[in-house]
Colleague: 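Dumping the structure here so I can ask a few things about it.
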2 protein chains.
Amino acid sequence: MKNTSYTISELATEYEITPRTIRLYEEQGILSPQREGRRRIYSERDRVRLRLTMRVRRLGMSLAEARELIDMYSNPQDEEHQLHTLLERLQAHRDRLLAQHRDIELTLTEIGRVHEQAQQALSRLRQERG
Amino acid sequence: MKNTSYTISELATEYEITPRTIRLYEEQGILSPQREGRRRIYSERDRVRLRLTMRVRRLGMSLAEARELIDMYSNPQDEEHQLHTLLERLQAHRDRLLAQHRDIELTLTEIGRVHEQAQQALSRLRQERG
DNA sequence: ATTTACGCTTACGTTAACATCAGTTATTTT
DNA sequence: AAAATAACTGATGTTAACGTAAGCGTAAAT
């Protein structure tokens, strides 16, 4: 059984963020560590949710969006209506990610173009100097 | 010849942003429209730079990063040292974009998993209700 | 000739996502 | 026992990226 638990500074070190940030994520409802007195004890689940949060934050999502998405990962709905809106929200996130995917490819193409030009300019310089 | 020019509100409408935002981008050195009296006149080049800015902003880049990257697109360097740092910066941007690319794929995989589960739960509900 | 529309500058307001600090408690380490 | 270490709760500060509003100029439409 994974019965591992973590302190706030362990997680902070692992993900290279400050404890302040981790507490903020709790305020935002993303994490919900247990307490041992006043101290926070983070479970493996908390750690996973933190990792997922960092991942989508790198993609420019807000904390609110991050929370929504991550909550959907583990939210077993029972009503048909709820399942429907879940599917819709998932599709919305997917659409956005696909758009970003395209944006990345376009940007990489541009970078590749400039990179090549720079390489050529560099070899020309070395030729002349030769 | 593309001698087209645009007013601020034309660009604002096209890219669904406010004039305020466009003026801000000028302050940040991303755009540099000509003036006709006090009025700003945007060239095709400005428009392209605005489009590129919007693109990388969707990827979560800051305006400073956007400016740096977009400036590199059109900056013909002449010194070897400058070409080297240009190549380095390009590679840094590329690395970051590739990391984002992976993050997107991971997130899409998760979403796909949840999406399937939800679909299945939905068909089960409909089966029962029959 | 005067509304109306568009644009300008200047300045203050706002929100998100933290950082920083002060003061306190609790727990190790020496 | 004393001191260092880690964590806690407020509270205030900071930065980026805008939004909003006031007051003014200019040009086009009625």
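Numbered from 1 within each chain, the chains take letters A, B, ... in sequence-line order. Keep in mind that this is a model prediction, so the values were computed, not measured.
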Colleague: With A:Asp78, which residues qualify under side-chain hydrogen bond (donor to acceptor under 3.5 Å, both in side chains), at least two apart?
Modeller: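 With neighbours one apart ignored, the set is empty.
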
Colleague: Considering residues at least two apart in sequence or located in another chain, which fulfil the salt bridge (charged side-chain N to carboxylate O under 4.0 Å, His left out) criterion with B:Arg113?
Modeller: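 Salt bridge (charged side-chain N to carboxylate O under 4.0 Å, His left out) list for B:Arg113, sorted by chain: B:Glu110.
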
Colleague: Can you name the salt bridge (charged side-chain N to carboxylate O under 4.0 Å, His left out) partners of B:Arg23, sequence neighbours left out?
Modeller: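 Result, salt bridge (charged side-chain N to carboxylate O under 4.0 Å, His left out) vs B:Arg23: none returned.
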
Colleague: Please name all residues satisfying ring-ring contact (aromatic ring centres under 6.0 Å, His included) with A:His84, sequence neighbours left out, ordered by chain then number.
Modeller: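 Applying ring-ring contact (aromatic ring centres under 6.0 Å, His included) to A:His84 gives none.
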
Colleague: Under 3.5 Å between N/O atoms: give me all the protein pairs with nucleotides 10-15 of chain D, atom names plus distance.
Modeller:
none

Colleague: For DNA chain C, determine which residues of residues 47-74 of chain A have any heavy atom closer than 4.0 angstrom to one of its atoms, and list them numerically.
Modeller: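 Here the set is A:Arg57, A:Ser62, A:Leu63.
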
Colleague: Could you pull out the protein-nucleic contacts involving nucleotides 4-8 of chain C (nitrogen or oxygen on both sides, under 3.5 Å)?
Modeller:
{"unit_1": "C:dC6", "atom_1": "O2", "unit_2": "B:Arg39", "atom_2": "NH2", "d": "3.2"}
{"unit_1": "C:dG7", "atom_1": "OP1", "unit_2": "B:Thr7", "atom_2": "OG1", "d": "3.3"}
{"unit_1": "C:dG7", "atom_1": "OP1", "unit_2": "B:Ser9", "atom_2": "OG", "d": "2.7"}
{"unit_1": "C:dG7", "atom_1": "OP2", "unit_2": "B:Ser9", "atom_2": "OG", "d": "2.9"}
{"unit_1": "C:dC8", "atom_1": "OP1", "unit_2": "B:Arg40", "atom_2": "N", "d": "2.7"}
{"unit_1": "C:dC8", "atom_1": "OP1", "unit_2": "B:Arg40", "atom_2": "NE", "d": "3.1"}
{"unit_1": "C:dC8", "atom_1": "OP2", "unit_2": "B:Arg23", "atom_2": "NE", "d": "3.2"}
{"unit_1": "C:dC8", "atom_1": "OP2", "unit_2": "B:Arg23", "atom_2": "NH2", "d": "3.0"}

Colleague: With sequence neighbours excluded, what pairs up with A:Arg35 under the side-chain contact (heavy atoms from CB on, under 4.5 Å) test?
Modeller: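 A:Glu26, A:Arg40.
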
Colleague: Please collect all salt bridge (Lys or Arg N to Asp or Glu O under 4.0 Å) contacts where either partner lies in residues 54-64 of chain A, sequence neighbours excluded, each pair once.
Modeller: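 Checked against salt bridge (Lys or Arg N to Asp or Glu O under 4.0 Å) - neighbours excluded - the pairs reaching residues 54-64 of chain A are A:Arg58-B:Asp103.
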
Colleague: Return the set of residues passing side-chain hydrogen bond (donor to acceptor under 3.5 Å, both in side chains) with B:Thr21 (not counting sequence neighbours), or none when no residue passes.
Modeller: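 Result, side-chain hydrogen bond (donor to acceptor under 3.5 Å, both in side chains) vs B:Thr21: B:Thr18.
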
Colleague: Knowing that exactly one of B:Leu69, B:Val48, B:Ile30 qualifies, which makes a side-chain contact (heavy atoms from CB on, under 4.5 Å) with B:Thr53?
Modeller: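 Considering B:Leu69, B:Val48, B:Ile30, a side-chain contact (heavy atoms from CB on, under 4.5 Å) with B:Thr53 is found only for B:Ile30.
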
Colleague: Scan residues 24-32 of chain A against DNA chain C and write down, sorted by residue number, each residue with any heavy atom closer than 4.0 Å; if none is found, say none.
Modeller: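 Nucleic-acid contacts, sorted: A:Leu24, A:Tyr25.
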
Colleague: State which residues pass side-chain hydrogen bond (donor to acceptor under 3.5 Å, both in side chains) with B:Gln34; sequence neighbours excluded, sorted by chain then number.
Modeller: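 With sequence neighbours excluded, B:Gln34 shows a side-chain hydrogen bond (donor to acceptor under 3.5 Å, both in side chains) to no residue whatsoever.
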
